[in-house]
Amino acid sequence: MKPILIRSVTILHPASKFNNKLADVLIKDGKIAGLSDKIIAKDDVVVIDGKGKYLSPGFLDLNANFGEPGFETKEDLISGAAAAIAGGFTGVAIQPSTNPVIHSKSEVSYIVNRTKDFITDVYPVGSISHNREGKDLAELYDMRLSGAIAFSDGTRPVTDSGLMSRALLYAKGFDGLVFSFPEDSSIAGKGKMNEGTVSTYLGMKGIPALAEEVHISRDLYLAEYNDCPIHFSTISSAGSVDLIRKAKKKGLKVSCDVAAHHLTLTDEALTEFDSNYKVKPPLRASSDVLALLKGIKDGTIDAIVSQHTPHEIEFKEVEFEIASFGIIGLQTVLPLLVKAGLPPENIVEKLAIKPREILNLPVPSFEEGEDANLVLFDLDSEWIFDNTTNRSKASNSPFFNQSLKGKVFLACNKAQVFNNF
Amino acid sequence: MAENNQKLSTRHLLGIKDLSENDIQLIFETADTFKDVLNRPIKKVPSLRDITIANIFFENSTRTRLSFELAQKRLSADTVNFAASSSSVSKGETLIDTVNNILAMKVDMVVMRHPYPGAGVFLSKKVNAQIVNAGDGAHEHPTQALLDAFSIREKYGDVSGKKVAIIGDILHSRVALSNILCLQKLGAEVMVCGPTTLIPKYIKSLGVRVEFDLLKALNWCDVANMLRIQLERQDIKYFPSLREYSMLYGLNKQILDSLDKEITVMHPGPINRGVEITSDVADSKQSIILDQVENGVAIRMAVLYLLAGQRD
């Protein structure tokens, strides 16, 4: 790889003395070879104009679903990682929604070994329960030793309170972190969308925000009682933001994330029964979106995730009722945050800094001589998300064939470069 | 035949949502003409000769299907019936494939009943045929709402200003939603009444009144539309027993006679006698249940006739 010199780029890295300042950055042999006001270009250097662009540590996604093993027709590790790096993610934590489930050392090792040379670091999340059945604990410690970054049953909520309590407590013994997907299934019932004025108008059974909030309340009690950290995945309602805000104030070790699509879309999008808006948790009301944005601003919400959920067309081009939940998102997170009006430093905090703090991973340094793990992006460039730009095997996105604002130009990790100029 | 060059504003009939007040009035005026036809010795007109209509029912129905079929036959359309169970991705044929297979045999129009809300809307975007929604989950049942409003108009001369109470399982009812939308478009006031567990939390956003007391609802209304309790549509129990339901929301002659005015009783059928209404109410002179059935054919003739005029 030829050395790359990025000229006059705005650095976004809270630990760097150049944070929010213009600088020249030289990347050579996978390292940050220079970072200063002015670097003289040598002959063999590829010079990139960084004006109007931002350089930050590579993004890290806490919540993506790749189909391998088992559902390779939806996504495999190669295509999933390609979508990740195109979205600026140099790290991605993948859910155990596979077949077999990532629930023991062998599946964890498989993912780790298959992806070790990828430009994107792929971190398997092991399941909490054996086979994600919500009955018995999986071998959390053994998975942790093999490389499981955290534990989650994906979008299957752990309904058994005792099991959740034991999972939190057990994982605490070796500093493991448990992700909770909050949904009380008995309240959510067979709902397919948010319960509200729109579901009433469409004659559809709704999933009330109550289902999420009851579950969060339960898990906050469990975490407090056991004195354990807990992380909530993809919260979606105003009430959830309130509950977590209060818990943080009280001193609980709680963190949470939100999916990017929940910051820009509401249940109003469902009036045409388009299954590309069918996600779980469901798209909520505009008052919820406002509360989520407020939660991002005041720090209640720590991270933003893609909740990338690829499906074949056969699972989406059917009646809304039987269509699968989920949309692909790795390449649209940045544009959605631009659309939601998040300032660039906020984007970096929620995509690059906080996710690593939650997982206890070091934030890539921008000091000279350190490994280059970074992303170059802007907020203004328009591009079309279509068959030519999409890196995922799937195309189940409501933003497909649309023009989006906010582009990833370059990403670098493990001495490899993704170039999107 | 209806002497007008007026046209509907829609190519399909997916729901009352897509109809303007003018559309509804046009359907009513056309249905008036067809009702006359139905009372002649020769009940058949050649209006839809050369048009083939497929009645595709993914859910059991006897009377709606019969009503549509009769309407089609009176209009001289060719009809085929197809009853199927709805299938999921994992098993069997998809909805689009099923319908496209039928359309490949040169069918012009599809009348579809389906257990899932929005199935007609979905299909209308994916296949090249006119779709008439004969009920999609708890979403809409537009021809039922049209015939209900038509029957009220027949009884009172006008729907505007009338007070209509829809009583029963509102949560699972496509009849309720379509009726609410249709009656409101025609200027009626609508109230819903039923067990608290079967009234959607956000129903007031549709601009209806909500009442949990049957007697109060009956005292308020001019027309009571008693919905059929459809236990098969409930995935979990929303009330303990039919017995208890009829104790709270069953309409009997005693209650009807205790009101200080004479209200009209409707029911979309089939009646669970002794559950929603007792036999003496169903058979009383205040009941217009059989008029509804008769009007159903006229309304469906009007809808099919007007939609046929929309073909490209």
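Just so it is clear: chains get the letters A, B, ... in the order the sequence lines come, proteins before strands, and each one is counted from 1.
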Legend entry - Engaged part of B:Leu123 at the chain A interface, taking heavy atoms whose separation is under 4.5 Å: neither
Legend entry - Student check: side-chain heavy atoms of B:His139 and A:Phe273 closer than 4.5 Å: yes
Legend entry - Pairwise side-chain contact, B:Leu206 with A:Thr200, heavy-atom cut-off 4.5 Å (strictly under): yes
Legend entry - chain A contact via B:Tyr202 - side chain, backbone, both or neither, heavy atoms under 4.5 Å: both
Legend entry - Segment of B:Leu171 engaging chain A (4.5 angstrom heavy-atom cut-off): side chain
Legend entry - Test: B:Lys17 cationic atom under 6.0 Å from A:Tyr201 six-membered ring centre, within 45° of axis: yes
Legend entry - Contact origin within B:Lys204 toward chain A - heavy atom pairs under 4.5 Å: neither
Inset, instruction - With the side chain counted from C-beta on, respond yes when B:Thr94 and A:Glu319 share a heavy-atom pair under 4.5 Å apart, and no when they do not. - result: no
Legend entry - B:Asn60 CG: over 12 foreign heavy atoms closer than 6.0 Å: no
Inset, instruction - Can you measure from CG (A:Leu210) to NZ (B:Lys201) and round to the nearest 0.5 angstrom? - result: 8.5 Å
Inset, instruction - Sort out for me which residue in A:Lys205, A:Glu321, A:Met193 forms a side-chain contact (heavy atoms from CB on, under 4.5 Å) with B:Pro117. - result: A:Glu321
Inset, instruction - Against chain A, label B:Leu177 side chain, backbone, both or neither, depending on which of its atoms sit under 4.5 Å from a heavy atom there. - result: side chain
Legend entry - From CG (B:Leu95) to CD1 (A:Ile322), nearest 0.5 Å: 8.0 Å
Legend entry - Spacing of A:Glu317 atom CD and B:Phe122 atom CZ [to the nearest 0.5 Å]: 5.5 Å
Inset, instruction - Tell me, yes or no, whether the heavy-atom count around B:Phe212 atom CZ, taken from other residues, nucleotides or ligands under 6.0 Å, exceeds 12. - result: yes
